[in-house]
> 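Below is one structure. I have some questions about it.
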There are 2 protein chains.
Amino acid sequence: MAEKGPSRQRRGRPRQAEVARLAGVSQTTVSLVLGGNKQGIALHEDTRARVLAAARELGYVPDPAARRLAAARNNLLGVFSFTATFPTAVEHSYYPILVGVEQEAAAQGYDLVLFTGSSPGGAQAGDPGALNRVRLADGCLFLGRHVPDDQLRKLVADGYPAVHIGRRDELEGLAWVGADYVAASAEVVRRLSGLGHRRIVLVREDDDAPASTDREHGFRTALAEYAGPRAADDPSAVVRTTHPADDITPGWVRDRLAEGVTAFVAEETDSGAAWRALHAAVAAAGLDVPDDLSLALLGSPPADLAAARPPTGFDIPRAELGAAAVRMLTAQLSGEEHTEPLVACGFRAGSTAGPPPGRTG
Amino acid sequence: MAEKGPSRQRRGRPRQAEVARLAGVSQTTVSLVLGGNKQGIALHEDTRARVLAAARELGYVPDPAARRLAAARNNLLGVFSFTATFPTAVEHSYYPILVGVEQEAAAQGYDLVLFTGSSPGGAQAGDPGALNRVRLADGCLFLGRHVPDDQLRKLVADGYPAVHIGRRDELEGLAWVGADYVAASAEVVRRLSGLGHRRIVLVREDDDAPASTDREHGFRTALAEYAGPRAADDPSAVVRTTHPADDITPGWVRDRLAEGVTAFVAEETDSGAAWRALHAAVAAAGLDVPDDLSLALLGSPPADLAAARPPTGFDIPRAELGAAAVRMLTAQLSGEEHTEPLVACGFRAGSTAGPPPGRTG
DNA sequence: GCCCGAAGCTAATGCGCATTAGTCGAGGGA
DNA sequence: TCCCTCGACTAATGCGCATTAGCTTCGGGC
């Protein structure tokens with residue numbers, strides 16, 4: 001049998017024991033010197049110097065595996081996104097979040113482990129143990145709305161440090177960070193109202209994700225402020241559209257204008273369907289924005305429309321969201337519990353909103 | 001003294017010992033069962049099943065640090081980029097490469113650890129030991145030209161499996177994979193030449209990175225094929241520009257045209273500066289592409305110009321590059337050494353090149 | 001002269017796992 | 001009956017490091 005088995009790496013990398021031998025001290029002393037002697041044990045300066053010299057001479061570098069084993073934590077944070085592969089496109093909305101995650105993790109001295117639905121171990125989407133692999137890390141961030149509840153619940157129940165990116169109230173005990181869509185959406189409506197708009201319609205997708213309901217909530221809240229509680233309950237103030245949004249036609253837009261609507265607000269979704277449809281319908285109807293009507297987008301435009309005129313609306317601080325998630329996770333790791341879960345979105349003036357045309361009563 | 005053992009246990013993360021207790025066997029047996037029992041020790045099928053069940057119930061996942069310490073491998077591949085892997089500036093993104101890495105790693109049963117080198121304000125920016133963290137993984141991929149040589153050299157000297165993405169000849173013994181810029185650039189020139197162009201200028205950055213010199217090499221090689229070796233040495237065939245490329249002005253372009261140049265080739269760089277400048281100068285000069293002159297890009301256009309007409313040139317198969325890097329790394333891990341380091345780039349016809357205008361010879 | 005405490009070390013232990021030597025009982029052959 | 005093998009496990013050990021509980025000296029204080 002080859003005595004060293006699979007380790008082809010081992011070739012002469014010195015251990016503390018060898019440094020110790022060269023310096024004429026014990027391994028403990030080497031560890032003490034190189035580890036900064038945080039426990040304040042008395043060490044003679046000469047000894048320190050000898051150890052340092054020996055370490056340098058041998059080119060000693062600590063083995064991170066051993067270090068982490070002894071420290072009982074491996075300084076790894078997991079990032080789990082339940083998409084088939086890791087979000088491929090740079091334009092994908094997860095990407096900017098990862099930017100923030102990476103920066104904050106680096107700043108805190110953690111490395112990242114990436115998990116996806118397609119991670120190894122045969123852990124495909126259906127596998128009831130797919131989420132367990134994240135336990136390899138000290139804690140994990142979860143992205144996306146389709147993370148399986150039961151598995152996540154078990155992790156949380158076991159006391160595994162986890163943070164979900166995106167509001168996730170229904171899962172008891174799961175920490176999360178999310179953008180403050182309620183406040184941001186309300187703010188957009190207030191601005192429109194400030195410009196003189198009195199009838200505003202929200203175009204949202206037919207999906208009851210928190211991101212959608214929060215926006216509607218904020219929308220209706222602000223509506224109530226200037227038009228009273230009745231307006232907030234008005235069913236016609238909100239339109240649910242399907243994907244693709246075939247129902248948003250030029251005719252539909254014109255009908256709404258005829259009813260006195262002067263502004264449309266769309267929610268941002270992964271596909272950008274609502275905004276895209278609204279945009280197309282308005283253009284096809286030959287209407288001018290913002291002269292004939294105002295538009296606002298509750299979020300950022302899809303990448304392919306980014307070059308067009310910037311929509312009035314708000315920006316989701318995705319990088320900041322990622323950073324906040326990391327902070328919350330590391331707070332959990334060090335015992336502290338609660339950090340602020342909501343991240344504010346900045347209002348974006350844009351140029352798709354203006355005063356309503358004339359007095360159309 | 002605060003009990004630390006139990007407090008850690010409570011924080012999730014079951015050990016083999018706990019699985020053993022639940023299954024009513026020894027830790028050794030658990031290790032045997034979960035490790036695939038490569039030593040062929042007799043194990044009763046019932047025992048095996050009980051252990052597996054217990055492990056699943058507890059959500060056991062092996063600790064990579066311990067695994068690596070004991071067995072010298074843990075099925076983790078590192079990815080180290082000395083700039084952020086997810087950069088804020090999207091135009092110079094390693095992301096597509098990472099996608100290929102991710103997929104191939106998953107296919108081979110490895111998890112990925114992202115070692116973030118320096119980050120703005122990062123804890124360990126400039127730390128001379130920053131690279132040692134990668135030793136936690138079985139092997140590591142390196143991205144970017146700014147990986148500190150000395151540290152990398154030490155890793156390689158220790159026999160640590162490493163693969164650099166991007167040509168890296170000067171560091172003896174370091175394996176690498178890279179795009180075949182030489183062949184791809186030559187091909188582009190051949191196409192232009194086939195269209196009738198006889199005088200072509202390469203606009204490159206003033207940076208002697210392999211990616212730049214390879215392109216120039218390919219460019220000159222192809223030049224020699226149709227215009228003889230003298231042309232290949234012609235200093236005026238290649239222009240080095242600075243960043244920003246202030247020297248590429250409309251006037252400069254017109255002067256070149258007056259000299260008989262009919263096509264310009266730009267190299268792709270992180271910033272896309274050369275291409276951007278060329279584009280802008282041609283537009284400002286009121287020249288039409290490809291009627292008045294042809295343009296080609298040795299690579300892909302920056303993201304913000306992606307929506308414009310596709311440039312004639314070649315595509316760097318970034319995902320494939322990542323996959324190839326993983327293959328080379330795992331080959332190293334299993335003892336085989338050499339895999340093909342060069343990945344071919346596909347020619348992209350685009351629409352910025354056409355026949356030269358008239359006979360201006 | 002004896003005890004005490006500080007200075008300056010080192011032996012021993014354990015982190016979680018893989019691996020190597022056993023151990024133990026149930027047959028089987030002689 | 002005794003020994004030996006074989007099947008099915010377990011005790012013990014070590015990976016490289018950090019940490020903790022000891023050891024020695026040596027110099028005062030009384």
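Here is how names work: the chains are called A, B, and so on, in the same order as the sequence lines, proteins then strands, and each is numbered from 1.
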> Applying the side-chain contact (heavy atoms from CB on, under 4.5 Å) test to B:Glu320, which of B:Ile97, B:Val343, B:Val177 qualifies?
B:Val343
> Could you tell me whether A:Arg48 and A:Glu45 have a side-chain N and a carboxylate O separated by less than 4.0 Å?
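So A:Arg48 pairs with A:Glu45 through a salt bridge.
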> Classify A:Leu69 by what it touches in the nucleic acid, base, sugar-phosphate, or nothing, heavy-atom distance under 4.0 Å.
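The answer is base, as A:Leu69 lies within the cut-off (heavy atoms under 4.0 Å) of a base atom.
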> How close or far is atom P of C:dC15 from atom CG of A:Asp63, stated in whole angstroms?
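Atom-to-atom, A:Asp63 to C:dC15, this comes out as 18 Å.
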> Compute whether any side-chain donor of one residue and acceptor of the other, for A:Thr28 and A:Ser31, lie under 3.5 angstrom apart.
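No, no side-chain donor-acceptor contact under 3.5 Å.
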> Closest to the B:His44 side chain: C:dA7, D:dT20, D:dC9?
D:dC9
> Measure the distance from CD1 on B:Ile41 to C1' on C:dG22 and round it to the nearest whole Å.
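Roughly 11 Å, once rounded to whole Å.
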> Could you check how far CG of A:Leu32 sits from C1' of D:dA18, rounded to whole Å?
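To the nearest whole Å, that distance equals 9 Å.
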> OP1 or OP2 of C:dA18 less than 4.0 angstrom from a side-chain nitrogen or oxygen of B:Arg67, does that happen here?
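Answer yes for this pair, as a side-chain N or O of B:Arg67 is under 4.0 Å from OP1 or OP2.
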> Could you pull out all residues at least two apart from A:Phe142 that satisfy ring-ring contact (aromatic ring centres under 6.0 Å, His included)?
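Only A:Phe80 meet the ring-ring contact (aromatic ring centres under 6.0 Å, His included) criterion with A:Phe142.
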> Whole angstroms only, please: what is the CD-C1' distance between A:Gln39 and D:dC17?
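The distance from CD of A:Gln39 to C1' of D:dC17 comes to 12 Å, rounded to the nearest Å.
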> With a 4.0 Å cut-off, would you call B:Asp63 and A:Arg68 a salt bridge?
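Answer for the salt bridge query: no.
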> Between C:dA7 atom P and A:Glu45 atom CD, what is the distance in whole Å?
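Taking CD of A:Glu45 and P of C:dA7, I get 15 Å after rounding.
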> Between A:Glu57 and A:Arg50, does at least one N-O distance fall below 4.0 Å, as a salt bridge requires?
no
> Rounded to whole Å, please give me the gap between CG in A:Asn37 and P in C:dC9.
11 Å
> B:Ala42 or B:Ala66: which one's nearest nucleotide on DNA chain D is closer to the 5' end?
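The residue closer to the strand's 5' end, by nearest nucleotide, is B:Ala42.
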> For B:Gln16 and C:dA18, is the shortest distance between a side-chain N/O and OP1 or OP2 below 4.0 Å?
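Checking C:dA18 against B:Gln16, a side-chain N or O does come within under 4.0 Å of OP1 or OP2.
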> Can you measure B:Asn75 atom CG to C:dA18 atom C1' for me and round it to whole angstrom units?
14 Å
> If every non-hydrogen atom of B:Asp138 is compared with every non-hydrogen atom of B:Tyr110, which pair is closest and at what distance?
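Closest pair (atom of B:Asp138, atom of B:Tyr110, distance): OD2-CE2, 4.2 Å.
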> Please check the phosphate of D:dA8 (OP1 and OP2 only) for any side-chain N or O of B:Thr47 closer than 4.0 Å.
no
> Whole Å only: how far is the CD atom of B:Glu18 from the C1' atom of C:dC15?
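Rounded to the whole Å, the gap is 13 Å.
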> For DNA chain D, find the residues of residues 19-29 of chain A with a heavy-atom distance under 4.0 Å and give them by number; none if there aren't any.
A:Gln27, A:Thr28
